[in-house]
Protein chains: 2
Amino acid sequence: MTDCSTCVVRNRAICASLDATEILALGKMGRKQKVRAGQTLLWEGDGAPVVANVLTGVLKLVVSTADGREQIVGVVFPSDFIGRPFGKESPYSVTAMTDAEVCIFNRNNFDEFASAHPDLQQKLLRRTLDELDRARHWMMLLGRKSASEKVASFLLEMSERLSGQGCDATNPKGGFELPFGRQQIADILGLTIETTSRQLTKMRGEGVLDLPSRREIVINDRAAMEAMAG
Amino acid sequence: MTDCSTCVVRNRAICASLDATEILALGKMGRKQKVRAGQTLLWEGDGAPVVANVLTGVLKLVVSTADGREQIVGVVFPSDFIGRPFGKESPYSVTAMTDAEVCIFNRNNFDEFASAHPDLQQKLLRRTLDELDRARHWMMLLGRKSASEKVASFLLEMSERLSGQGCDATNPKGGFELPFGRQQIADILGLTIETTSRQLTKMRGEGVLDLPSRREIVINDRAAMEAMAG
DNA sequence: CGTCATGTTGAACCGAATCAACGTTCGTGG
DNA sequence: CCACGAACGTTGATTCGGTTCAACATGACG
């Protein structure tokens, strides 16, 4: 079993709705697991009855076509929930983008536990609704925005989501480190590596941002960036 | 108040989880409302504290940019749920594509009722999870598929979703009537009207489908269509 | 220091958008 | 009932943004 009382996401994950006794029961069902960067936790179409909470690290949700094209349909951070409760197979793969730790549950056990704990279920519902909003917002980006608008929107969203992550002490002034490379940015935005790179270079040329290292982004002119995001 | 016992979606909407007493209580909070085709029920960014169930008709969820581009991020059918429970403003507009009837609730009342009825909340959670899967699947389409793949995927999904709708008696052999025109197909697929039209014409030329009238589609060769969908 | 993965830059190409004209269908009122 | 106009849909010519293919640069790491 797992000791949830010391869990790094104890107060942010859906578990926050549970009291000491309940969390003990949930802890008995769960098990901590380390995942290395690049490793896939769940395969698309896989019937694996598994759900999980992210403790540390960043993972991606990926949908692929038969001929190998990939689209990242979600990026999950610590305290986020992974998997498909209530009996359906996972419609996407889950792969770690950085080394990560997750807290895994058997889906059937989790479903049962959730049914008996409405507060937890409500927390999960709220999270799912937020994810749905985010996904729909992303659909607008994928369907209707130009390459530069896509990149600008992406950088703004990432700067927001990453600053909630505790790593802000390391950022002098609005800079942040992306947990992924160009190919993965391209897979998020529905672009190619080359187009992504060109847009970033262009923005650097315009002085809107700096690129101190491969994965670091410093937004110099947030207003301009917002204007570019469309 | 509303009499739910005669409701056309009584057994399919989230209300199906409620017993006679409970449905009576919910009925007191709800109110039936007719919406004309083209009329907007909820505005993007609008704080209107409203949620609803669809009784009849088809509605679209739309996200727009400042300069007028539109992306349809969801299409809802009878028994589907509309709106954003739990305190957030609606991040998209909801507009009727056909004449429609919805059963409207004040969001705060609904939230409260839902919190007191875990079964209803679980039904809503399941629905939201399904919607999220659909949205993510759609993200792959928008980000990575070509125009012909988009149109093929769209027609296949619509033929499935529309055949669950009771109107199959009117379909001789796999044909169905779309509840929307070319512009709206384009807004769903992230394409222009012209490209959409050309793809349909091309498919007709190849004999994969027939277009008996503006909004009717008959899929002649489902296997070929599936192959085109990517 | 050399190798390999990752990222950048350039040139040519292509698919979808755009711009423009023309057909078709539907509703409305004469 | 037919004539008209408006909305909707199709088709063609051209343009353009993003992909593709290819070469080269950078930086991490043994």
Side-chain angles (χ1 to χ4, degrees), chain A residues 36-38 65 67-71 97-99 140-155 177-206 209-217 228 230, chain B residues 36-39 60 65 67-71 95 97-99 141-155 177-206 209-217 228 230:
Chain A
R36 291 230 147 267
T65 54
D67 62 343
R69 283 170 286 175
E70 292 199 347
Q71 175 68 48
M97 306 179 92
T98 65
D99 288 351
M140 151 56 84
L141 176 143
L142 291 170
R144 293 297 188 202
K145 290 195 177 178
S146 70
S148 48
E149 289 172 323
K150 284 180 177 182
V151 172
S153 307
F154 167 77
L155 293 175
E177 183 173 342
L178 294 174
F180 26 69
R182 296 290 182 269
Q183 179 64 64
Q184 293 177 324
I185 301 177
D187 284 344
I188 290 174
L189 298 177
L191 295 172
T192 56
I193 254 187
E194 295 94 330
T195 307
T196 308
S197 177
R198 278 188 250 269
Q199 294 302 329
L200 286 170
T201 311
K202 204 188 79 196
M203 287 180 186
R204 188 184 49 188
E206 292 165 348
L209 54 74
D210 285 334
L211 305 167
S213 76
R214 287 192 164 187
R215 299 191 163 196
E216 270 179 284
I217 306 278
M228 293 178 77
Chain B
R36 292 230 146 267
Q39 194 181 331
K60 60 179 178 178
T65 54
D67 61 345
R69 283 170 287 175
E70 291 200 348
Q71 176 68 47
T95 303
M97 304 178 93
T98 64
D99 288 352
L141 177 143
L142 291 170
R144 292 298 188 202
K145 291 195 178 177
S146 69
S148 49
E149 290 173 323
K150 284 181 178 182
V151 172
S153 307
F154 166 77
L155 292 176
E177 183 173 343
L178 294 173
F180 26 68
R182 296 289 183 269
Q183 179 64 64
Q184 292 177 325
I185 300 178
D187 284 344
I188 289 174
L189 298 177
L191 294 173
T192 57
I193 255 187
E194 295 94 329
T195 306
T196 308
S197 176
R198 277 188 251 269
Q199 294 301 330
L200 287 170
T201 311
K202 203 187 79 197
M203 289 180 185
R204 187 183 48 188
E206 292 164 349
L209 54 73
D210 284 334
L211 305 167
S213 77
R214 285 191 166 188
R215 297 190 164 196
E216 269 180 286
I217 307 277
M228 294 178 76

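Every chain is numbered from 1, with letters handed out A, B, ... down the list of sequences. Model, not experiment: these values are computed from the prediction.
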Query raised in the report: Side-chain donor or acceptor of A/Arg214 under 3.5 Å from a matching atom on the base of C/dT6?
Result: yes

Requested in this report: Can you tell me the distance, in whole Å, between the CZ atom of A/Arg69 and the C1' atom of D/dT20?
Outcome: 14 Å

Query raised in the report: For A/Thr192 and D/dT19, is the shortest distance between a side-chain N/O and OP1 or OP2 below 4.0 Å?
Result: yes

Query raised in the report: Shortest non-hydrogen contact from A/Val151 to A/Met203?
Result: CG1-CE, 3.8 Å

**Report entry** Option among B/Ile188, B/Ile193, B/Leu189 that satisfies the side chain to side chain contact (heavy atoms under 4.5 Å, CB included) test with B/Leu191
**Finding:** B/Leu189

**Report entry** Nearest-Å distance for atom pair NZ/C1', residues A/Lys202 and C/dT8
**Finding:** 16 Å

Query raised in the report: A/Leu191 has a side chain; which of C/dT8, D/dT10, D/dT19 sits nearest to it?
Result: D/dT19

Query raised in the report: Rounded to whole angstroms, how far apart are CZ on A/Arg204 and P on C/dG7?
Result: 14 Å

Query raised in the report: Nearest nucleotide by nearest heavy atom, which residue falls closer to the 5' end of DNA chain D, B/Thr195 or A/Lys145?
Result: B/Thr195

Report task. Measure the distance from CZ on A/Arg144 to P on D/dG17 and round it to the nearest whole Å. Result -> 17 Å

Report task. Could you check how far CG of B/Leu211 sits from P of D/dT10, rounded to whole Å? Result -> 7 Å

Query raised in the report: Taking CD from B/Gln183 and C1' from D/dA7, how many angstroms apart are they, rounded to a whole number?
Result: 12 Å

Report task. Please state how far atom CD in B/Glu149 lies from atom P in C/dG15, giving the value in whole angstrom units. Result -> 12 Å

Query raised in the report: Does a nitrogen or oxygen in the side chain of B/Ser213 sit under 4.0 Å from OP1 or OP2 of C/dT25?
Result: no

Requested in this report: Using atom types as modelled and distance alone, determine if a side-chain donor or acceptor of A/Glu177 lies under 3.5 Å from a backbone N or O of A/Ile217.
Outcome: no

Query - Pair of N/O donor and acceptor under 3.5 Å linking D/dT20 base with A/Arg198 side chain - result: yes

Report summary line: Separation between CZ (A/Arg214) and CG (A/Leu178), nearest 0.5 Å, reads 13.5 Å

Query raised in the report: Could you state the CD-P distance from B/Glu194 to D/dT15, rounded to the nearest angstrom?
Result: 16 Å

Query raised in the report: Taking only N and O in the side chain of B/Ser197, is any of them less than 4.0 Å away from OP1 or OP2 of D/dT10?
Result: yes

Query - Atom pair CG/CZ of B/Leu209 and B/Arg204 - distance to nearest 0.5 Å - result: 8.5 Å

Query raised in the report: Donor-acceptor pair under 3.5 Å: do we get one between B/Gln184's side chain and the base of D/dC8?
Result: no

